[in-house]
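Sequence lines set the chain letters: A, B, ... in the order given, protein chains first and strands last, and positions in each chain run from 1. Quantities reported herein were computed from a predicted structural model and do not represent experimental measurements.
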Amino acid sequence: MMLTLAWRNLWRRRRRTLFSIVAIAITAAVVVFLPSLQAGSYSSMVRTYIGFTDGYAQVQHKDYLSTPAMRDSFQVTEALRTALKDLPPDVSVGQRGVAYVLLSSDTRSIGAQILGVEPEAEPSISTIPSNIVQGDYLSKNDQVVLGEVLARNLQVGIGDSITLLGVGHDASLAADVLTVAGVFRTGITDIDRTLAEIPLKRFDATFAMDGERHSIVLNGGDMAALRHEVRGLRPLVEEEGLALRDWTELQPSLDAAIRLDATSAVLIYAVLIVVVVISLLNTLLISVLERTREFGMMLALGVKPGLLGRIVWVEIGLLSLLGVLAGMLGGVILTFWLGRQGIEFESAQAVFEQYGMSGTLYPELTSLTLFAGPAVIVLALLLAGTYPAFRIQGLRIIEAMRAA
Amino acid sequence: MTAVIECKDVKRTYVSGKIEVQALQGVSLNVSAGEFVSLSGPSGCGKTTLLNIIGGLDRPNGGDVRVEDQWLNELSNSQLADLRMNRIGFVFQAYNLIPVLSAAENVGFIMQLQGKSTGERRRRAKQVLDSVGLSGMENRRPAELSGGQQQRVAVARAIASSPAIVLADEPTANLDSKASDALLQLLRQLNEEEGVTIVIASHDPKALEYARRHVRLVDGQIHSDA
């Protein structure tokens, strides 16, 4: 009966109910679509940024993150090697060595970061091989690829020789002569100005690594799967006395930027929801006040105030659900459509380039972006609905029945 | 005969602004089971106030009322609601039906609150609607019924759950002469054939013709009882 009464009461003022549903639906669509757009941009930002060098996660020496020193390295034990081999094929793994060196050409000397990488594994871990703009990626042991700005500053081109000077793992002098095989462009100035990559075997020999590694990088296409695998691998890595760090630890500034942006967006959505709920509360109050006489009659017949309050609450619940479901449907359709088309933001191109992204964003629907906003709307409306429901509790039968 | 309603020195005072209105000034009245009693008197004499207090819609400032075996002053608001739902049928001046429910649903409304099954409700609703002359109108909403028909539905609702007492406050006030006659006839029939105790507050001289006992109130006191 409660549901029947609530449902029919809802449609007593058809136009008013429809306006309320539309208001809720628009709000719900906004809080589905905009967070999906943000999720898409964050995801794209993270994929792009971690794709250049860091990967989704890294196994590191415990102290390496705070003080990335040559000596903070580790041997890959048999147990770790087996665990890494057992990872599903869509998780790519690559070992690396890292050193800070002086690179010299005939005319210039510049400080740089050298990554020793496994050239055959690297294309599935990093986007550097696919961002070669001159020459080719590493194919021989004596080759080096340079960031575009670094190559320009060194005034070298493909086939030129450069000299590397640094400190080896055993604190000896590390020196080598390398041939420039390729130049890459990520669009991120810091990377393009400071990074060079050489084959890991050459790195081992040059820096006397004796099998020591600075990191094992894990990456792949499916971030959720990676998250799951990282979680599964962590106990073993910690047992080995090492640390397994995901991108949020490897790139804390990126994580902080995303969190800050998400937090400010949540505040805006909260304000939007509050404004809509308050304006709807007025409508809900009117719909209760105009039925004061009817409520008085029902109380006179023996209906308890609590039941009347619940009927009003169910009405508000039904109204919220109708609006939210319609809004979710609209939000999902818009998100899927624009997720295929992409949305171009030419004016924000410079901002996106900081993260190596194009100016086109693709909204990405997740369970969080689909359900969180609409759930908050329903809860906020039900919470607001307690006020009219509460007012009914205070009705005096005789006065209520005399109401106009 | 046992009194189903016993009013003992009932007093009710209202404060309207700075003015204190003594609506009832010590009314004592016994109504036996099966009686058809009319409450009459000039406007403001306390008819409706007395009816409201008997029905547990209002509480007296002094005195007490017993309905069947329950003294109303001893009951909480929730217990009063239960008493109204289970033992008292109301017919109000305005038709006071729930507009979104059909005639049958309005009639079955109290039975539903009482937890009666759907089948039982439907059967009883049809039966009482037939008895008030509304056969075939079960599915009509109040807006699709005339004033007289709506008041008949209200009577049907009042008697559907077999209450001990039916309290009717100016039930003919909004009806034309023909509809008034039909309604009063119906109440008398219920009283005579089903033994329902009826107390009716009315200005309408016709209503007085149908009642077998007439209580006249003046200035909140019983002026005559015959």
Original post:
Does the pair B/Arg84 and A/Ile397 meet the rule for a side chain to side chain contact (heavy atoms under 4.5 Å, CB included), with working shown?
Top reply: CA-CA 12 Å; B/Arg84 289 196 298 270; A/Ile397 301 173; 3.4 Å; yes
Original post:
Between B/Asp58 and A/Arg396, is the closest basic N to carboxylate O distance under 4.0 Å?
Top reply: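 Here A/Arg396 does not pair with B/Asp58 in a salt bridge, since their nearest N and O are not under 4.0 Å apart.
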Which bit of [X] is near chain A, if near means a heavy-atom gap under 4.5 Å: side chain, backbone, both or neither?
X: B/Arg141; value: side chain
X: B/Ile110; value: side chain
X: B/Glu105; value: side chain
X: B/Leu113; value: side chain

Original post:
Which atoms form the tightest heavy-atom contact between B/Asn96 and A/Arg293, and what is the distance?
Top reply: OD1-NE, 4.0 Å
Subject >> Shortest non-hydrogen separation from B/Phe92 to A/Ala300 and the atoms involved >> reply: CZ-CB, 3.6 Å
**OP:** Evaluate the side chain to side chain contact (heavy atoms under 4.5 Å, CB included) criterion for residues A/Lys304 and B/Asn77: first the C-alpha distance (whole Å), next the side-chain angles of each, then the deciding distance (0.1 Å), finally the verdict.
**Re:** CA-CA 9 Å; A/Lys304 304 236 169 97; B/Asn77 286 342; over 6 Å; no
Within 6.0 angstrom of [X] [atom1], more than 12 heavy atoms from elsewhere:
X: A/Arg259; atom1: CZ; result: no
X: B/His203; atom1: NE2; result: yes
X: B/Asp219; atom1: CG; result: no
X: A/Phe19; atom1: CZ; result: no
X: A/Arg391; atom1: CZ; result: no

Atom pair [atom1]/[atom2] of [X] and [Y] - distance to nearest 0.5 Å:
X: B/Thr48; Y: A/Arg402; atom1: OG1; atom2: CZ; answer: 8.0 Å
X: B/Asn52; Y: A/Met401; atom1: CG; atom2: CE; answer: 7.5 Å
X: A/Leu299; Y: B/Leu57; atom1: CG; atom2: CG; answer: 9.5 Å

Subject >> chain B contact via A/Leu301 - which portion, at a heavy-atom distance below 4.5 Å >> reply: both
**OP:** Just do the side chain to side chain contact (heavy atoms under 4.5 Å, CB included) check on B/Val100 and A/Trp11 with the steps written out, would you?
**Re:** CA-CA 9 Å; B/Val100 294; A/Trp11 298 104; over 6 Å; no
Subject >> Between B/Pro99, B/Gly89, B/Gly55, the one whose heavy-atom pairs under 4.5 Å with chain A are most numerous >> reply: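 Counting heavy-atom pairs under 4.5 Å, the top option is B/Pro99.
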Subject >> Audit row: B/Phe109, A/Met298, side chain to side chain contact (heavy atoms under 4.5 Å, CB included) steps and yes/no >> reply: CA-CA 10 Å; B/Phe109 181 70; A/Met298 289 168 84; 3.6 Å; yes
